[in-house]
Amino acid sequence: MSALLKEIKQRDPHHTHFHQAAESLLNSVSGYLDQHPELRTQGLLARLLEPERVIRFRVPWVDDQGEVRVNRAYRVQMNGALGPYKGGLRFHPSVNLDVLSFLALEQTIKNALTGLPLGAGKGGADFDPKGRSDAEIMRFCQALMAEFHHHMGPDIDVPAGDMGVGMREVGYLFGMYRKLSRSFGGAFTGKSLDFGGSVLRPEATGYGLIYFLQSMLTHQNESLSDKTVAVSGAGNVARHAAAKAIEEGATVVTLSDSRGTVHAPEGLDDAHLDAVARIKADGGGLDRLAEEFDGIEHYQGERPWRFDCQVALPCATENELEEDDARRLVDNGCRWLAEGANMPCTAAAVAVFKDSDMLYAPGKAANAGGVAVSGLEMSQNSRRESWSAGEVDRRLRDIMERIHRRCLEHGGDDARPDYLTGASVAGFQRVARAMLGQGII
Ligand code: GLU
């Protein structure tokens, strides 16, 4: 273990998610650093792994029963060398400084990989939106903004959505920001099309994931149209990835939520995906999908990884795919895995893929489409323009193809590229140069 990693582990012994992300990054760039010793100077790695700033604050709000509730919110302003801090806000009971720090580190490399002028940040609160009324969600968002508006702005920090924060929440957050800052700047992305949002932003992470997967397949003279695909999750990323894969002719056989997995051996279609969106918006579980449609089975407490597939797309949450799941996928003949969620595969699962014939694409490359279209939303806002769906889709495809090429540059362009090394080195290289050029700050 490197001395730096040891120091990080000693300093914050409970930050296990952050250790996992940092260890993966340091291992992936170590070969490159050996060839470029100049990057081991100026405390570059130590600075990269320490947030520029962390803001922690309380969010007091009043629930529908008149009770005062207090949540804890954070913003990790990780790295501003390439542009304003950029990354989502997550509302989930599991939110803490460890989870947000790992997400912010992933975001640093991901945002650099897009090639756009985006720094990196991540934030959120340990607030559980499940079962909360619309009025409660609005009051919570407004209370959060009462503090956070001091720390953000179009050239400072530009938040967006993440788990538990969709277009409705971004609307309430943006509205309060606008009122308190008295300015209609492009200080949020993921806004509604009614007030400055970009077309295709909701679809962007899922569509981008499929565009990246198509680049992987094309590189091997393969095509998506004859593949069976297992998707986990039932949220924004999973549903749009599934929709795009279906549009491209693939057979998508699973989706999942915290309660279980639905399996459709003949494949899901758009009507199923519309039903999933409706059921989830109602707060229901995927068991209802199996009740509503023939040909779909629900497996309580199961993950999608036991079902036969050639392509696996984990789109739910961190560490959802463990070593046993990885073995089962490999044994069942799965050959491509691309991460729609952030760090959904444990380190042990990634090690299994490395020892197999499977091609593994990490989220920092494969799911960068979301933040990439956020970057396009920022451009549209500052130019006072709205681009067409065709224009945004073309740019998204270009960006994903370019990220794929960058991965090959540093991960090998033979039949079996190492996408983890490629993505980590390509992203790291861009941030490192910007940091070195700006001195020790
Ligand atoms: N939360 C998304 C991510 O993990 C998007 C962030 C953004 O659009 O700023 O990349």
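Source: prediction; values computed, not measured. Both ligands and their constituent atoms are indexed starting at 1 by order of listing.
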**Sub-4.5 Å side-chain heavy-atom contact between Trp387 and Val199** = no

Going by the atom numbers of ligand 1, which of them fall below 4.0 Å from some non-hydrogen atom of [X]?
X	answer
Lys86	7 (C), 9 (O)
Asn342	4 (O)
Lys110	3 (C), 4 (O), 10 (O)
Lys122	1 (N), 3 (C), 4 (O)
Ser374	7 (C), 8 (O), 9 (O)

**Asked** Does Arg397 make a cation-pi contact with Tyr211 (under 6.0 Å, within 45 degrees of the axis)?
**Response** yes

**Message:** Could you identify the single nearest non-hydrogen protein atom to atom 6 (C) of ligand 1 and state the distance to 0.1 Å?
**Reply:** Gly88 N, 3.6 Å

**Prompt:** Do you know the tightest heavy-atom contact between Ala81 and Met435?
**Reply:** CB-CG, 3.7 Å

**Message:** Please state which option from Thr205, Asp162, Val170, Asn111 has its nearest heavy atom closest to atom 2 (C) of ligand 1.
**Reply:** Asp162

**Prompt:** Please walk me through it: do Arg53 and Tyr85 pass side chain to side chain donor-acceptor pair (under 3.5 Å)?
**Reply:** CA-CA 11 Å; Arg53 188 175 304 102; Tyr85 307 113; 3.3 Å; yes

**Item:** N-O pairing of Arg90 and Glu318 below 4.0 Å
**Value:** yes

**Message:** I'd like to know if Glu409 pairs up with Arg405 as an ion pair, taking the criterion as any Lys NZ or Arg NE/NH1/NH2 lying under 4.0 Å from an Asp or Glu carboxylate oxygen.
**Reply:** no

**Request:** Mind running salt bridge (Lys or Arg N to Asp or Glu O under 4.0 Å) on Arg335 and Glu222 for me, showing each step along the way?
**Result:** CA-CA 11 Å; Arg335 286 180 52 206; Glu222 295 270 358; 3.8 Å; yes

**Request:** Please confirm whether Ala160 comes within less than 3.5 Å of ligand 1 when only nitrogen or oxygen atoms on both sides are compared.
**Result:** no

**Message:** With nothing but distance in play, are any N or O atoms of Gln107 less than 3.5 Å from an N or O of ligand 1?
**Reply:** yes

Check contact between [X] and ligand 1, using heavy atoms of the residue and a distance below 4.0 angstrom.
X	answer
Glu106	no
Arg201	yes
Gly161	yes

**Prompt:** Centres of the Phe148 and Tyr74 rings: under 6.0 Å?
**Reply:** no

